[in-house]
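Structure first, then comments.
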Amino acid sequence: MDATADYGRAGKLGEAERATAWQRLASETFDVVVIGGGVVGCGAALDAATRGLRVALVEARDLASGTSSRSSKLFHGGLRYLEQLEFGLVREALHERELMLTRIAPHLVKPVSFLYPLTHRVWERPYTAAGLFLYDTMGGARSVPGQKHLTRAGAMRMVPALKRGALIGGIRYYDAQADDARHTMNVARTAAHYGAVVRTSTQVVRFIREADRVSGVRVRDVETGDEVDVQAGVVINATGVWTDELQRLSGSRGRFRVRASKGVHIVVPRDRIVAESGLILRTEKSVLFVIPWRNHWIVGTTDTDWNLDLAHPAATKGDIDYILDHVNSVLATPLTHDDIEGVYAGLRPLLAGESESSSKLSREHAVARVAPGLVAIAGGKYTTYRVMAADAVDVAAQDLPGRLQSSITDKVPLLGADGYHALVNQVDQLGARHGLHPYRVRHLLDRYGALVHEVLATAADRPELLKPLTAAPDYLQVEVVYAASHEGALHLEDVLARRTRISIEYPHRGVDCAEQVAELAGAVLGWDQETRTREVEIYLARVQAERDSQVEPNDQAADQARTAAPEPRPLLLDPVS
């Protein structure tokens with residue numbers, strides 16, 4: 001068996017596979033090269049690979065390092081889009097949510113309940129109930145419970161943290177949630193499992209042309225500075241908020257423009273809001289979610305234009321105050337800045353329209369063949385990534401010979417899904433076999449699914465790896481080792497911000513465990529002491545820059561503070577893909 005076949009079957013993204021991937025990029029001709037390691041790009045790579053195409057995916061930074069690690073972490077139909085009469089969008093999103101919960105990623109995507117507080121008598125309950133009835137009948141209540149109506153007393157029992165005067169009653173409904181960064185990484189690994197070349201820290205620096213058509217890309221390894229040409233039948237630009245930059249690099253006129261809208265979330269401890277359910281609150285512009293997140297609540301989001309650094313959107317004090325003001329309007333015990341454990345800011349790639357209000361810009365996606373051999377996709381929402389990916393590959397087919405097979409990703413479970421339900425029933429036996437408490441095994445199953453065997457095998461000769469990280473005890477040491485050996489993590493930030501969510505789940509934001517994590521990951525990645533020290537210093541600078549930005553009054557000042565931190569990938573060029 002050759003190395004590439006082994007790589008394809010394993011879905012492993014380690015150092016050896018990375019070296020093999022570089023050789024393949026330089027020596028093979030691909031049907032499709034996808035630019036961008038967000039959820040849409042990873043989805044497109046998986047879609048194309050499972051149609052029998054030869055596929056490569058390149059990402060300049062890390063998988064999900066942009067928008068796809070900074071969402072509200074919901075797989076939802078978009079209840080508020082019903083008000084905008086976007087029935088098709090809601091139906092499509094609910095269908096995707098159903099697929100994720102039942103077939104594609106039941107280990108990663110879970111039901112989550114929300115209370116919709118009612119504040120107006122007579123008209124609001126029937127009006128909201130009608131909307132939720134539509135939500136349920138469009139596919140919302142197949143694998144989650146349907147809506148439940150509550151009196152004020154019932155709603156207060158469900159969410160005792162609410163002010164008594166904040167509501168006259170409520171309706172509980174269900175959506176679904178997932179760790180977005182882990183889900184995206186899992187989509188990428190599944191694409192690799194089906195034969196795609198997946199390589200991060202690999203930046204597109206030039207488009208290769210033959211006459212008027214795009215025939216490939218020149219890529220740069222931003223860890224070493226090496227460059228190679230990659231030949232392709234068609235290139236898919238799935239770079240989200242960087243779509244316009246890549247469009248300019250290609251020298252082709254775009255068919256649409258993308259505007260970046262900044263969304264900020266805060267993370268607070270679970271005990272700061274006493275509730276059995278999440279909350280959805282109306283604001284003057286949109287909605288505000290209070291989302292259960294393990295031992296925490298995620299509260300957000302904002303929706304404002306962003307025209308500054310695309311890689312590192314910064315939250316301002318004003319953004320944080322906006323969230324606190326709105327959530328405190330209904331809480332009996334208000335949240336303060338001191339309660340905040342983590343803050344993150346992300347950019348939504350919205351299709352630019354006539355309206356100046358970013359909350360009104362289209363959440364729909366667009367695909368265009370912008371030049372022979374070049375397809376661009378943008379817009380949409382995380383929940384519908386699979387549909388977007390299939391649409392992009394359908395359009396790319398125009399530049400490929402022969403008849404393309406139809407998309408089958410609605411039937412392809414992500415790695416770890418097969419066998420997950422049986423393992424849930426075997427939690428006690430698994431725990432006893434490995435000396436782990438059942439709650440630890442459940443935590444691992446909800447992060448890795450059936451790949452838990454692979455994770456635990458990593459600790460077979462090193463039982464100490466089954467101990468928690470000293471300063472982040474929600475995570476085991478073996479998870480850090482596995483992130484570096486199997487999940488494509490190349491830098492300390494990749495582990496602390498995306499393979500785990502330590503950077504937003506602990507008040508120290510990863511600072512207190514940076515040394516230990518660098519030692520564990522560095523042992524896999526071959527870091528010497530100098531490299532370990534540099535990785536820690538860069539990460540500490542990132543955290544400090546984020547903290548500094550979050551006390552600034554406006555976007556310009558916050559951007560200046562955030563971009564003061566050095567890049568963990570210093571050989572990146574501008575523009576970035």
Side-chain angles (χ1 to χ4, degrees), residues 4 7-18 20-22 24-25 30 32-51 53-71 100 104-105 107-109 178-204 219 230 236-240 377 382 385-386 388-390 392-393 407 409 412-417 447-451 454-455 482-491 493-495 497-500 577:
T4 57
Y7 172 48
R9 266 201 285 281
K12 181 183 175 190
L13 301 178
E15 282 289 274
E17 292 77 23
R18 181 173 171 76
T20 302
W22 187 251
R24 291 185 64 189
L25 289 175
F30 296 92
V32 179
V33 169
V34 181
I35 312 172
V39 75
V40 175
C42 294
L46 175 58
D47 187 275
T50 53
R51 296 196 204 197
L53 299 175
R54 292 162 299 174
V55 183
L57 178 141
V58 293
E59 159 59 43
R61 286 186 167 84
D62 183 29
L63 297 168
S65 56
T67 303
S68 294
S69 59
R70 310 180 202 191
S71 74
M100 293 297 147
I104 295 177
H107 55 314
L108 302 173
V109 182
D179 183 330
D180 48 5
R182 286 206 65 76
H183 175 269
T184 296
M185 180 274 298
N186 208 275
V187 176
R189 284 194 63 189
T190 307
H193 175 73
Y194 287 105
V197 172
V198 175
R199 202 170 193 276
T200 59
S201 284
T202 305
Q203 181 184 13
V204 170
V219 297
V230 186
I236 296 177
N237 174 5
T239 55
I377 180 161
Y382 195 107
Y385 81 89
R386 195 194 61 80
M388 294 173 66
V393 178
S407 175
T409 49
V412 178
L414 299 186
L415 289 183
R447 285 170 55 72
Y448 305 96
L451 294 177
E454 201 171 69
V455 178
Y482 187 79
S485 65
H486 286 70
E487 295 181 339
L490 298 177
H491 292 277
E493 177 189 300
D494 302 346
V495 179
R498 287 175 289 278
R499 303 306 182 278
T500 69
S577 62

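What you see is a predicted model, and the numbers here were worked out from it, not measured in a lab.
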Review point. Would you say the ring centroid of Y448 lies under 6.0 angstrom from that of H486?
Key: no
Review point. Do Y482 and E454 have side chains that get closer than 4.5 Å, going by heavy atoms?
Key: yes
Practice item. Please check if the side chain of R199 supplies one atom and the backbone of R18 the other of a donor-acceptor pair under 3.5 Å. Key: yes
Check your understanding: Can you check side chain to side chain contact (heavy atoms under 4.5 Å, CB included) on L46 and L414, steps first, answer last?
Key -> CA-CA 10 Å; L46 175 58; L414 299 186; 4.0 Å; yes
Exercise for review: Taking all non-hydrogen atoms of both residues into account, name the closest pair between A49 and Y194 and its distance.
Suggested key: CB-O, 3.9 Å
Check your understanding: Side chains of L451 and H107: does their closest heavy-atom pair fall under 4.5 Å?
Key -> no
Check your understanding: With E487, which residues qualify under side-chain hydrogen bond (donor to acceptor under 3.5 Å, both in side chains), at least two apart?
Key -> R182
**Study point:** Among V219, I236, V204, the one residue meeting side-chain contact (heavy atoms from CB on, under 4.5 Å) with I35
**Key:** V204
Point to revise | Positive for side-chain contact (heavy atoms from CB on, under 4.5 Å) with V34, one of V58, V198, L57, N237 | key: L57
Check your understanding: Sub-3.5 Å donor-acceptor pair from the side chain of T190 to the main-chain atoms of L415, do we have one?
Key -> yes
Check your understanding: Are any non-hydrogen side-chain atoms of L490 and D62 less than 4.5 angstrom apart?
Key -> no
**Study point:** Distance-minimising heavy-atom pair for E59 and G38
**Key:** OE1-N, 4.4 Å
Practice item. Look at E493 together with R498 and state whether they make a salt bridge at an N to O cut-off of under 4.0 Å. Key: yes
Revision key, fill the gap. Correct closest heavy-atom pair for A390 and S407 would be CB-OG, 3.7 Å
**Study point:** Distance-only side-chain donor-acceptor flag, T184 / Y382, under 3.5 Å
**Key:** yes
Revision key, fill the gap. Between the OG atom in S201 and the CG atom in D494, the distance rounded to the nearest 0.5 Å is 7.0 Å
Review point. C42 and A188: which non-hydrogen atoms are nearest, and at how many Å?
Key: SG-CB, 3.6 Å
Practice item. To the nearest 0.5 Å, tell me how far H193 NE2 sits from L13 CG. Key: 12.5 Å
Review point. Under 3.5 Å, side chain of T200 to main-chain N/O of L63, donor-acceptor pair present?
Key: no
Practice item. Could you pull out the closest heavy-atom pair between F30 and L25, with the gap in Å? Key: CE1-CA, 4.0 Å
Revision key, fill the gap. Scanning both residues in full, the closest heavy-atom pair of A64 with A181 reads CB-CA, 3.9 Å
Point to revise | W22/T202 under side chain to side chain contact (heavy atoms under 4.5 Å, CB included): CA gap, chis, key distance, verdict | key: CA-CA 9 Å; W22 187 251; T202 305; 4.1 Å; yes
Check your understanding: Hey, are the side chains of T500 and R447 touching, using non-hydrogen atoms and a 4.5 Å cut-off?
Key -> yes
Exercise for review: For S68 and V39, indicate whether the former's side chain and the latter's backbone hold a donor-acceptor pair under 3.5 Å.
Suggested key: yes
Point to revise | S65 OG to R70 CZ distance, which is reported to the nearest 0.5 Å | key: 7.0 Å
**Study point:** Check: S71 side chain, T67 main-chain N or O, donor-acceptor pair, under 3.5 Å
**Key:** no
Review point. Can you pull the salt bridge (charged side-chain N to carboxylate O under 4.0 Å, His left out) pairs that have at least one residue in residues 36-49, sequence neighbours excluded?
Key: D47-R51
Exercise for review: Working to the nearest 0.5 Å, report the span between OG1 of T239 and CD1 of I377.
Suggested key: 11.0 Å
